[in-house]
K.L.:
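The following block contains the structure, expressed as structure tokens.
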Amino acid sequence: MPYEKLEISTPKPVLSWANHSLGADETKMAKNVASLPFVFKHVALMPDVHLGKGALVGSVVATKEAIVPAAVGVDVGCGMCAIKTPFTASQLEGKLKQIRLDIEAAIPVGFHENKETDKTVLNWQGWREFKDLHSGVQRLETKAMKQMGSLGGGNHFLEVCVDAEEQVWLMLHSGSRNIGNMLAQNHIGSAKELAKLADNRLPDPDLAYFIAGTPEFAAYWHDLQWAQGYARFNRDVMMARFKRVVEKHLAGGKPTKALLSVNCHHNYAEKELHFGEEVYVTRKGAVRARSEDYGIIPGSMGAKSFIVKGKGNAESYCSCSHGAGRTMSRNKAKLQFSLDDLIQQTDGVECRKDAGVLDEIPAAYKSIEQVMANQSDLVEVVATLKQVVCVKG
DNA sequence: ATGTCC
């Protein structure tokens, strides 16, 4: 399905790949962003678009000579990692429960962190730059080290999946933990201070921005790129441990070679070339999908997930959706559904089925199949995955 | 999302 040009009166057009119309709050948010003077060409909305803070989750905002830190958000570098293993579904038989318990033992989830920092984590080159980070986060170095290789909470998860050819995949969703959050919050605060001092007229205080060439922009950009690197390596560390757990059960502990590896951000900003111009591209709940890019689009805990390859669609700034997108808030989901609903909707998945994850119930999300149909001009499907084990943060 | 609400 191609995009629809939304009838929102702003200086810049808003192109939407969603097949649903936006609510009043969502329309206002799209309009606010599209009215910023430094927005490039147009704003692109992915098919899973929904309300966020400052900017819509599932939006791609390209900007010239400026950036909006709140549009990137606080979970800097949040994204997905997946590997295709040489194992097949039949090898998993009778082992799911033990695999799940071993994943939980190997990777701290929720508010837990690593007790010790192993060599792989200590050798990360990013620690050498830690002293150069801004906004006085140096006291958080020990915590950042212990959180490297930990999942976090919310909708962060680890899954063992099986594709249509019965091949086993490992997949996980996580970000830059507390350190990325702290850096982002500090810079968002600094942008708001600057806006107040300059008496900027903003459609939303969360759209305070930094201008390229200023020290504040440079400081934010530096910390942003660092946090994105932290998030990517965090996923690599967890995936290595995850792979070892599965190898222990399926290969007698022998190391195996992944048949395909993907590690993509869906909450980040990058300098890119679009329509012949260098721009800052903020993907807030969106994945880069140039023709050579692999991406991961997860469904909810009872639904399918997709490994995709980009089609390099220029109008979308070479992007695609980051998931199914919520249809209702976490609070509403908790009120509307029961534990029985959750048990029914996650049938066949080895996972938690308690009140603590009720807000992640599949029915609180859009249909991933519909979302995929809406972006057939943005990505092609490489593999369709169904989870058999799901560990929630 | 977040040592989850100083």
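Please read all numbers here as calculations on a predicted model, not as lab measurements. To find a chain, count down the sequence lines: A is the first, B the second, and so on, and within it residues start at 1.
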K.L.:
Round to a whole Å and report the spacing from CD of A:E113 to P of B:dT2.
P.N.:
12 Å
K.L.:
Quick one: label A:G153 by what it contacts on the DNA or RNA (base, sugar-phosphate, nothing), any heavy atom closer than 4.0 Å.
P.N.:
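The answer is sugar-phosphate, as A:G153 gets under 4.0 Å only of primed atoms, P, OP1 or OP2.
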K.L.:
With sugar-phosphate meaning primed atoms plus P, OP1 and OP2, does A:R326 contact a base, only sugar-phosphate, or nothing at under 4.0 Å between heavy atoms?
P.N.:
nothing
K.L.:
Hey, is A:E350 close enough to A:R100 for a salt bridge, meaning N to O under 4.0 Å?
P.N.:
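A salt bridge links A:E350 with A:R100.
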K.L.:
Can you tell me how far C1' of B:dT4 sits from NE2 of A:H156, to the nearest Å?
P.N.:
14 Å
K.L.:
Under a 4.5 Å cut-off applied to non-hydrogen side-chain atoms, are A:V349 and A:K386 in contact?
P.N.:
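Yes, at least one pair of side-chain atoms sits under 4.5 Å.
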K.L.:
Can you spot which of A:W226, A:Y209, A:F210 makes a ring-ring contact (aromatic ring centres under 6.0 Å, His included) with A:Y220?
P.N.:
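That would be A:F210; it is the only one of A:W226, A:Y209, A:F210 passing the ring-ring contact (aromatic ring centres under 6.0 Å, His included) with A:Y220.
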K.L.:
Rounded off to whole Å, could you give me the CD1-to-C1' distance for the A:I188 and B:dT2 pair?
P.N.:
12 Å
K.L.:
How many whole angstroms separate atom CD of A:E141 from atom P of B:dG3?
P.N.:
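Answer to the nearest Å: 17 Å.
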K.L.:
Do the side-chain N or O atoms of A:N178 get closer than 4.0 angstrom to the phosphate oxygens (OP1, OP2) of B:dG3?
P.N.:
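Affirmative; the distance criterion is met.
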K.L.:
What is the distance, to the nearest angstrom, from the NZ atom on A:K115 to the P atom on B:dG3?
P.N.:
16 Å
K.L.:
If the threshold is 4.0 Å, N to carboxylate O, is there a salt bridge linking A:R283 and A:E272?
P.N.:
yes
K.L.:
Which part of the nucleic acid does A:G175 contact within heavy-atom distance under 4.0 Å: base, sugar-phosphate only, or nothing?
P.N.:
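The residue A:G175 makes no contact with any strand.
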K.L.:
Ignoring backbone atoms, establish whether A:Q185 has a side-chain N or O less than 4.0 Å from OP1 or OP2 of B:dT2.
P.N.:
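A:Q185 to B:dT2 OP1/OP2: no side-chain N or O under 4.0 Å.
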K.L.:
Nearest-Å distance, CG (A:L151) to P (B:dT2)?
P.N.:
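In whole Å, B:dT2 P and A:L151 CG are 8 Å from each other.
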K.L.:
If I take atom NZ in residue A:K143 and atom C1' in nucleotide B:dG3, what distance separates them, rounded to the nearest angstrom?
P.N.:
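For the pair A:K143 NZ and B:dG3 C1', the rounded distance is 4 Å.
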K.L.:
Have a look at A:G73 and say if it touches a base, only the backbone sugar-phosphate, or nothing, with a 4.0 Å heavy-atom cut-off.
P.N.:
nothing
K.L.:
Expressed as a whole number of angstroms, how long is the span from A:R177:CZ to B:dT4:C1'?
P.N.:
12 Å
K.L.:
Does a salt bridge link A:D48 with A:K366, judged by any charged N lying under 4.0 Å from a carboxylate O?
P.N.:
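A:K366 and A:D48: not salt-bridged.
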